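All values below were derived from every heavy atom in this structure, side-chain atoms included, with hydrogens, water molecules and symmetry-related copies excluded. Counting convention: from 1, in listed order, for ligands and their atoms alike. This is a predicted model, so every value here is computed, not measured.
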Amino acid sequence: MQTPERAGPPLWLLAELTYSCPLQCPYCSNPLDMADHKTELTTEEWIKVLRDARKMGATQLGFSGGEPLVRKDLEILIAEARSLGYYTNLITSGVGMDEARVKAFREAGLDHIQVSFQASSEELNNFLCGSDSFQHKLEMARQVKAQGYPMVLNFVLHRHNIDDVAAILELSKALEADYVELATTQYYGWAKHNQNNLMPTREQVKSAEAIAHQYQKDLEGQMRILYVVPDYFEDRPKPCMNGWGSIFLTIAPDGTALPCHSARIIPGLELPNVKQQSVDWIWHESPDFKKFRGFEWMKEPCRSCDEKEKDFGGCRCQALMLTGDASNTDPVCDKSPQHDALLAQVAEIEAQQVTEQPLVFRNMRESKKLSRQTN
Ligand code: FES
């Protein structure tokens with residue numbers, strides 16, 4: 001059993017290179033106050049993070065954002081990661097990439113590229129991301145494949161596109177995708193803010209799942225399809241981050257080290273920064289990374305639960321957002337005393353199929369506005 005004193009290495013390093021992004025998806029998991037975190041690590045500072053984490057045993061490295069393509073030094077960081085022996089993954093919208101850049105990534109040694117789409121139709125895709133990017137995305141998906149990468153596509157599902165799962169999978173088939181991730185929106189950051197306008201009904205979720213399963217059967221051996229059910233509709237929580245401070249280390253654009261992408265919302269955390277502390281100290285010594293590591297912090301019903309080593313009590317950020325206390329059991333779990341309240345909340349959102357509140361798109365202007373409202 002893992003204890004706070006004896007953590008294994010941060011096997012999975014997520015480098016959020018920037019919060020800048022040419023798109024404005026209303027379900028982005030970036031923090032609502034991203035405009036208040038303007039500074040970004042320099043190339044040299046990122047290289048130091050990559051070296052230090054690798055020395056500690058990190059093996060998987062994700063480049064994300066915002067849109068990581070915004071960083072002009074991405075090729076340099078990829079080459080460094082390659083020389084250090086990481087398995088590297090670029091998580092991108094494809095906007096900011098062209099044929100030459102895909103080739104440059106290949107030459108620098110990037111292992112894997114995941115291209116995200118917002119929808120299967122040009123109109124909805126462009127509406128959701130606030131940019132006429134659909135045709136370019138199609139072209140970039142083809143370029144990724146042409147450079148010898150597996151084609152990995154990601155679609156975030158919500159009320160506005162979940163009924164199009166068959167069309168999404170047909171598009172993926174036409175593009176000869178090797179792997180498709182259908183991930184129903186998780187409610188963090190901008191998605192939480194827009195939750196009432198994004199959450200699908202239980203009926204929509206069930207029907208999308210059935211279609212996805214049929215395609216999984218029909219396309220076995222040809223295209224792998226991963227369908228991620230939204231955990232609000234489950235009765236056991238997801239093992240978020242595989243346990244706090246267990247294998248995932250996220251570095252935010254300004255160098256803040258986070259046990260998960262959303263940890264800034266948890267009150268009382270000081271959140272160390274790689275500019276002031278070594279990655280080693282942050283991982284092994286910082287109180288924030290120890291706070292929910294292992295099982296000692298758990299209250300009932302998690303503490304005596306025989307499933308705690310499977311789900312680690314669920315998600316700390318979700319527990320905070322839904323119960324006001326990050327150390328409570330994630331209310332997705334039906335053993336949580338707050339589970340019924342979550343079901344009632346979901347039913348209420350489900351009932352309002354047309355919300356009067358418009359989608360708030362993720363951009364720096366809205367972020368500044370929201371910050372002004374909360375300060
Ligand atoms: Fe923070 Fe799950 S997102 S612990």
* Any residue meeting side chain to side chain donor-acceptor pair (under 3.5 Å) with E16, in chain and number order, not counting sequence neighbours ->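 Residues passing side chain to side chain donor-acceptor pair (under 3.5 Å) with E16: none at all.
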
* On the ring face of F233, is R202 found with NZ or CZ under 6.0 Å from the centre and within 45° of the axis? ->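 No - R202 does not lie over the ring of F233 by the 6.0 Å and 45° rule.
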
* With ring centroids as reference points, do F361 and F127 lie under 6.0 angstrom apart? ->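 F361 vs F127: aromatic centres under 6.0 Å.
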
* Is a side-chain donor-acceptor pair under 3.5 Å present for T256 with D254? ->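 Result is yes, a qualifying pair exists.
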
* Does a donor on one side chain sit under 3.5 Å from an acceptor on the other, for Q195 and K192? ->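 K192 and Q195 do have a side-chain donor-acceptor pair below 3.5 Å.
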
* Is the shortest distance from a Lys or Arg side-chain nitrogen in K103 or E99 to a carboxylate oxygen in the other one below 4.0 Å? ->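 Yes.
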
* Using a cut-off of 2.8 Å, find all protein N, O or S atoms closer to atom 2 (Fe) of ligand 1 than that distance. =>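 Within the sphere that stays under 2.8 Å of atom 2 (Fe) of ligand 1, the protein atoms of type N, O or S are C240 SG, C315 SG.
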
